[in-house]
Every structure is written in structure tokens, then in C-alpha cells.
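Just below is one structure, and these are the notes that go with it.
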Amino acid sequence: MRRPLLFVVPLVALIAGCSPDPSPTTDPSPSVTASPSPAGPDYTAWAAGRSTPVADPLYPAYGHADVDVLHYGLDLSWVPETKVLTGQATLRLRAASDLTAVKLDFSQAFTLDGVTLNGAAVTATIADNDLSVPGTVAKDAFATLVVKYHGTPTTVPMPSHRTDSEPLGLTVTKDGGLWTMQEPYGASTWYPSNDQPSDKALYDIAVTVPEGGPRSRPASRSRRRAPRSGTPPPTRSRPT
């Protein structure tokens, strides 16, 4: 028997590295234009996640200063036997400058199962650990991006000369457990993110695992905070 349980992901702030190579996918469709709409969501609900992103001088390959993610809604499912993570990431974002595409950091270990921008299906691609979603968004306009994906998470090397350092990102243990080290860019190994510290954001995270899975516990009321981007706190959520 399976039922939704909470999986608490321990997060440790450390330093890390990256990797390349492309990996496409999703259904083709026309470009979309995102602009504020009276019929759309009320983005003031996520105002506490507003930031002024800047380019990261230490790790310039990560982060996108033209995107300000206000809120990450992560609905994840983990199967220890197959070591497959299935996710739906709903991002509420603001364009910090005029965009012709929304670009975020995301591991090419995952296959895209569907992407929408403001409700319209689009053709998204992953290349060099960057997710690219076509669609114009005017400066200071808001948009909702939904990314559905699945795959087996892979870590990235830590940029350190220490021989005892662990890799960075979501690590799969031999018994099917998960743990992660986030800083400075481990978040993109398990969900699409603006993976750099100047873009703070709100998070709601729900993870469903099989009953009796590694380190699982019954779900309880969700909590919301505004941590550094890519560094959500351990979050208790009620999976739907």
C-alpha cells in the first residue's frame, strides 16, 4: 500500500561545480507573450519573494540576473526502487528586464514532460544545464511557468581542492534515500531554479514517497519562508 508521506530533505550550505551537454524535449508550440492580466493570479501573494538579482561574479555559469523568481511550488514524487524523481515545478516570476525567453538553471539529467508559460504549452529545451523556455515577457511583468519532468538526479562536482569533499546537489543513496548539499548551485540538480544567492524566493515543497520509505514521516501543514534562491529550508507540506 502506498500513501502520500512527507520526505524531509536535509540541506547543507556548501560549495560546488557544474557539467555540460544538451538534452531537449517537450511538445512543440508557438511562442507566447506574458503580460499582467486582470484574469491572472494575484502576484502580490508572493511579493515577499521579490528580489533584485545580479550576476554572480564567482560562478557566472549559474543564475540569470534578468529573472526574479518570487515563488517555487514543488510537487515531487520519489520512487526508491527505480530511483526516479518525478516533479512539477510551478514558478511565479517577474521579468527583471525584457525577455524573449525565460532561462533557468536545470540539470540535463531530467526529461521534460511538459512546459507551459502563462498556461500556453511551449517547446522548452535543456542544454548545458540551462532550461530555455521561449516566450516574451516585458520588464516588470509577471508570469507563471510550470515545468513537468522526471529522471534520476545526478550531482555536480564541488569546486574544491579537498579530497574529502562530497559532490553537490541531490544525492541518491544505495538504499534509495536522498540528501542534498545546495550551495552555491545544487538546487538545479532537482528542480528548475535561478540558482544564485541574489534571487531570494518563497517555497512550498511537497514530496510523496512510498509508505515506509527511507526517512519518511507523515505529512503535516506546510510552511513558507523566503530563503536564498536554491536553498529552501526543510519544509513540511501536505501532498495533494
Side-chain angles (χ1 to χ4, degrees), residues 11-20 33-36 41 43-74 89-108 115 117-118 124-147 155-160 168-170 180-205 224-233 235:
L11 306 172
V12 182
L14 283 180
I15 306 181
C18 79
S19 78
T33 300
S35 59
Y43 287 89
T44 60
W46 304 290
R50 182 164 178 148
S51 306
T52 305
V54 296
D56 189 336
L58 296 179
Y59 304 103
Y62 284 83
H64 298 272
D66 53 3
V67 175
D68 174 19
V69 180
L70 308 176
H71 177 264
Y72 294 90
L74 306 179
T90 301
L91 281 64
R92 313 292 186 175
L93 59 90
R94 177 185 67 87
S97 61
D98 291 332
L99 303 178
T100 56
V102 177
K103 294 187 177 181
L104 296 163
D105 305 298
F106 195 35
S107 171
Q108 56 210 39
V115 178
L117 183 62
N118 280 352
T125 57
I126 305 174
D128 297 326
N129 292 319
D130 265 352
L131 171 68
S132 181
V133 180
T136 58
V137 188
K139 182 179 180 180
D140 287 326
F142 300 102
T144 296
L145 173 66
V146 178
V147 181
T155 57
V156 292
M158 179 183 294
S160 170
L168 191 76
L170 193 62
T180 184
M181 288 192 286
Q182 297 293 96
E183 293 293 348
Y185 41 75
S188 55
T189 64
W190 54 293
Y191 64 95
S193 64
N194 197 14
D195 208 351
Q196 54 118 317
S198 69
D199 186 4
K200 302 179 186 297
L202 300 169
Y203 283 81
D204 281 299
I205 306 174
R224 182 181 291 176
R225 295 184 184 177
R228 288 167 52 137
S229 175
T231 313
T235 304

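If you read the sequence from its start, that first residue is 1, and numbering goes on from there.
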Does D68 have any side chain to side chain donor-acceptor pair (under 3.5 Å) partners at least two apart in sequence or in another chain, and if so, which? R94
Do K103 and L131 come close enough that some side-chain heavy atom pair is under 4.5 Å? no
Sorted by chain and number, sequence neighbours left out, side chain to side chain donor-acceptor pair (under 3.5 Å) with T52 holds for none
Locate the shortest heavy-atom distance separating S193 from A187; write the atom from each residue and the value. OG-CB, 3.8 Å
Residues two or more places apart in sequence or in another chain: which of them pass side chain to side chain donor-acceptor pair (under 3.5 Å) with S107? none
Would you check if Y43 and R92 make a side-chain contact, meaning some heavy-atom pair closer than 4.5 Å? yes
Which heavy atom of S51 sits nearest a heavy atom of S198, and at what distance? CB-O, 3.5 Å
With sequence neighbours excluded, tell me which residues meet side-chain contact (heavy atoms from CB on, under 4.5 Å) with V146. Q88, T90, T116, T144
Heavy atoms of L117 and P134 approach each other most closely as CD2-O, 3.9 Å
Which heavy atom in H64 sits nearest to a heavy atom in D105, and how many Å separate them? NE2-OD1, 3.6 Å
Supply the atom-to-atom distance L145 CG to N118 CG, rounded to the nearest 0.5 angstrom. 9.0 Å
Going by side chain to side chain donor-acceptor pair (under 3.5 Å), name the residues that satisfy it together with S132, two or more places apart in sequence or in a different chain. none
Please give me the minimum heavy-atom distance between V137 and A95, naming the atom from each residue. CG1-CB, 3.6 Å
Between S188 and D195, does any side-chain donor sit less than 3.5 Å from a side-chain acceptor? yes
Kindly assign one of parallel, tilted or perpendicular to the pair Y191 and Y72, based on the angle between their ring planes and the thresholds 30° and 60°. perpendicular
Quick note, salt bridge (charged side-chain N to carboxylate O under 4.0 Å, His left out) partners involving residues 50-66, not counting sequence neighbours, are R50-D140
Are the side chains of F106 and N129 in touch, meaning some heavy atoms are under 4.5 Å apart? no
Would you say the side chain of L93 lies within less than 4.5 Å of the side chain of L70, judging by non-hydrogen atoms? no
d(N194 CG, Y185 OH) to nearest 0.5 Å is 15.0 Å
Under 3.5 Å, side chain of T180 to main-chain N/O of G169, donor-acceptor pair present? yes
Donor-acceptor contact below 3.5 Å, side chain T189 vs main chain L170: yes
So, the side chain of Q196 versus the backbone of P60: is there a donor-acceptor pair under 3.5 Å, distance only? no
Min side-chain heavy-atom separation L104-V147 under 4.5 Å: no
Residues V69 and A201: closest non-hydrogen pair is O-CB, 3.5 Å
